[in-house]
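The first residue of the sequence shown is numbered 1, and numbering continues consecutively from there. Just so it is clear, the structure is predicted and the values come from calculations on it, not from any experiment.
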Amino acid sequence: MTRHGKNCTAGAVYTYHEKKKDTAASGYGTQSVRLGKDAIKDFDCCCLSLQPCRDPVVTADGYLYEKEAILEYILHQKVEIARKMKAYEKQKRAQKSDSQLESTSGERERVEKFKKRENSIVSKPINPFTAATSRDSEGKSGSVGPAAGSSAASSSAGSSSGSSSSSTSALPSFWIPSLTPEAKPTILKKPVKTVLCPMSGRPLKMNELISVRFTPLDPSLDRVALLTRQDRYVCAVTKDTLGNSLPCAVLRPSGVVVTMECVERLIRKDMTDPVTGDKLTERDIVPLQRGGTGFSGSGVDLRAKEARPVMQV
């Protein structure tokens with residue numbers, strides 16, 4: 001068998017290729033895979049739909065979205081927040097009513113204990129001459145005791161059976177985990193009322209979205225013909241072809257997309273928008289987030305990791 005055989009097992013060294021192959025087949029351990037160009041989103045695609053944008057908008061953090069998709073996401077999140085807030089308010093009212101019932105039951109128990117203590121105190125002296133008559137009356141009442149005891153026992157049995165039937169009827173299904181006697185009610189936390197960006201996790205508002213205007217490479221082409229080409233857009237100032245390998249930025253007043261090289265060499269000198277002529281600030285220059293290329297020199301981390309169970313020795 002040659003040394004470089006496909007399934008060579010005659011070597012004395014456990015090679016890296018064999019270890020990686022066994023790790024993938026075992027189902028344990030963390031696997032890391034480097035992403036290629038086919039697994040990377042283009043710079044002009046929506047972060048939600050992953051499709052080229054028709055009406056693109058960008059957030060203050062530089063994430064590009066389709067306007068329809070991000071507005072639908074914001075409305076859906078607001079409806080979800082309202083639903084969670086309604087469930088949270090319902091839980092608060094239930095907890096308040098339970099606390100009131102506990103306080104009233106505690107007051108009743110204290111009153112009953114006080115009555116028992118007061119009744120056990122002898123307020124009048126015992127007359128020794130009436131003790132015999134009281135014993136006789138107790139004996140007469142004791143003669144009818146068994147019948148009374150049986151009736152009391154039957155009544156207690158009936159009450160216990162009634163209580164057991166009521167307890168069993170209070171549990172609709174024993175096989176539902178949330179209805180078992182050991183199950184504890186789920187405590188809901190107060191939901192956050194602000195809508196968060198799905199990519200950056202920061203607060204997101206509709207009025208803070210910036211409309212983006214890409215400059216097409218060939219203005220005579222329609223949108224369908226433009227999407228079939230690999231190079232679709234260019235810089236609005238230098239006319240350089242835009243792509244994932246070229247850092248870009250969006251100017252807030254005009255919404256045009258320019259390269260970062262254009263920003264550093266031309267725009268930062270006088271801080272003026274080359275399209276509208278408005279004065280710019282650092283906040284008005286929004287770097288556009290890009291997916292990078294399949295090469296390591298793009299400066300973007302393209303390694304995906306999958307955490308799986310670890311074998312314990």
Side-chain angles (χ1 to χ4, degrees), residues 35 40-75 77-78 192-217 219 226 231-303:
L35 300 177
I40 299 172
K41 179 185 74 68
D42 289 334
F43 75 100
D44 60 335
C45 292
C46 174
C47 293
L48 289 176
S49 63
L50 304 180
Q51 299 297 323
C53 297
R54 294 186 179 182
D55 189 6
V57 292
V58 69
T59 62
D61 298 321
Y63 292 99
L64 193 73
Y65 295 102
E66 178 70 35
K67 189 173 184 180
E68 181 181 356
I70 192 61
L71 292 182
E72 185 178 353
Y73 170 80
I74 292 174
L75 293 176
Q77 290 298 315
K78 287 186 177 181
V192 182
K193 294 185 178 180
T194 57
V195 179
L196 302 180
C197 177
M199 297 299 294
S200 63
R202 296 184 178 181
L204 180 65
K205 296 181 180 179
M206 288 188 288
N207 56 1
E208 294 180 355
L209 298 176
I210 306 168
S211 298
V212 179
R213 291 191 301 160
F214 286 105
T215 305
L217 180 63
L226 194 65
D231 299 331
R232 296 188 284 267
Y233 303 109
V234 295
C235 175
V237 178
T238 62
K239 303 303 178 181
D240 293 335
T241 304
L242 302 180
N244 281 5
S245 60
L246 194 63
C248 306
V250 179
L251 303 181
R252 188 185 294 268
S254 60
V256 296
V257 181
V258 295
T259 61
M260 289 300 295
E261 185 179 4
C262 175
V263 171
E264 296 296 335
R265 293 189 177 185
L266 301 176
I267 297 177
R268 287 191 187 276
K269 289 184 178 180
D270 53 0
M271 294 300 288
T272 304
D273 193 326
V275 178
T276 61
D278 298 334
K279 285 294 183 180
L280 300 176
T281 61
E282 289 295 333
R283 182 173 173 270
D284 295 332
I285 301 174
V286 181
L288 193 63
Q289 300 291 338
R290 56 198 174 94
T293 63
F295 299 97
S296 59
S298 63
V300 182
D301 188 15
L302 300 175
R303 189 173 298 275

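Applying side chain to side chain contact (heavy atoms under 4.5 Å, CB included) to I70 and the options V57, V58, L64, L75 leaves one that passes, V57.
Listed by first then second residue, pairs satisfying salt bridge (Lys or Arg N to Asp or Glu O under 4.0 Å) with a partner in residues 237-256 read R252-D284, not counting sequence neighbours. Applying the side chain to side chain donor-acceptor pair (under 3.5 Å) rule to pairs touching residues 48-57 yields nothing, sequence neighbours excluded.
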I'd like to know whether V195 forms a side chain to side chain contact (heavy atoms under 4.5 Å, CB included) with K205, so could you lay out the CA-CA distance, the side-chain angles of the two residues, the decisive distance to 0.1 Å, and finally the verdict. CA-CA 7 Å; V195 179; K205 296 181 180 179; over 6 Å; no
Apply the test side chain to side chain contact (heavy atoms under 4.5 Å, CB included) to residues T238 and E261: give CA-CA distance (whole Å), side-chain angles for both, the deciding distance (0.1 Å), then the verdict. CA-CA 9 Å; T238 62; E261 185 179 4; over 6 Å; no
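Rounded to the nearest 0.5 Å, atoms CG (L204) and CG (L196) are 8.5 Å apart. Here the CG atom belonging to L246 is positioned 9.0 Å from the OG1 atom belonging to T241, to the nearest 0.5 angstrom. Taken from CG in D44 to CG in L288, the straight-line distance is 9.0 Å, to the nearest 0.5 Å. Between T194 atom OG1 and R202 atom CZ the span is 13.5 Å, to the nearest 0.5 Å. Rounding to the nearest 0.5 Å places CG of L251 at 6.5 Å from CD1 of I285. From M206, atom CE reaches atom NZ of K67 across 10.5 Å, with rounding to the nearest 0.5 Å.
Taking each heavy atom of P52 and C45 in turn, the nearest pair found is N-SG, 3.8 Å. The minimum heavy-atom distance linking V257 with C248 is given by the pair CG1-CB, 3.9 Å. Nearest heavy-atom pair, K41 versus C47, reported as atom, atom and distance to 0.1 Å: CE-SG, 3.9 Å.
Listed by chain and residue number, F214 satisfy the ring-ring contact (aromatic ring centres under 6.0 Å, His included) test with Y233 (two or more places apart in sequence, or in another chain).
Under a cut-off of 6.0 angstrom, the local environment of CD in E72 is sparse, with at most 12 non-hydrogen atoms contributed by other residues, nucleotides or ligands. Around CZ of R265, the count of heavy atoms belonging to other residues, nucleotides or ligands within 6.0 Å does not exceed 12. Within a 6.0 Å radius of CD in E68, other residues, nucleotides and ligands contribute 12 heavy atoms or fewer.
Considering only heavy atoms from C-beta on, T59 stays 4.5 Å or farther from S200 through its side chain. In this structure, the side chains of L217 and R232 stay at 4.5 Å or more apart for every pair of heavy atoms.
A donor-acceptor pair under 3.5 Å is formed between the side chain of D273 and the backbone N or O of S254. Checking side-chain atoms of Q289 against main-chain N and O of D61 turns up a donor-acceptor pair under 3.5 Å.
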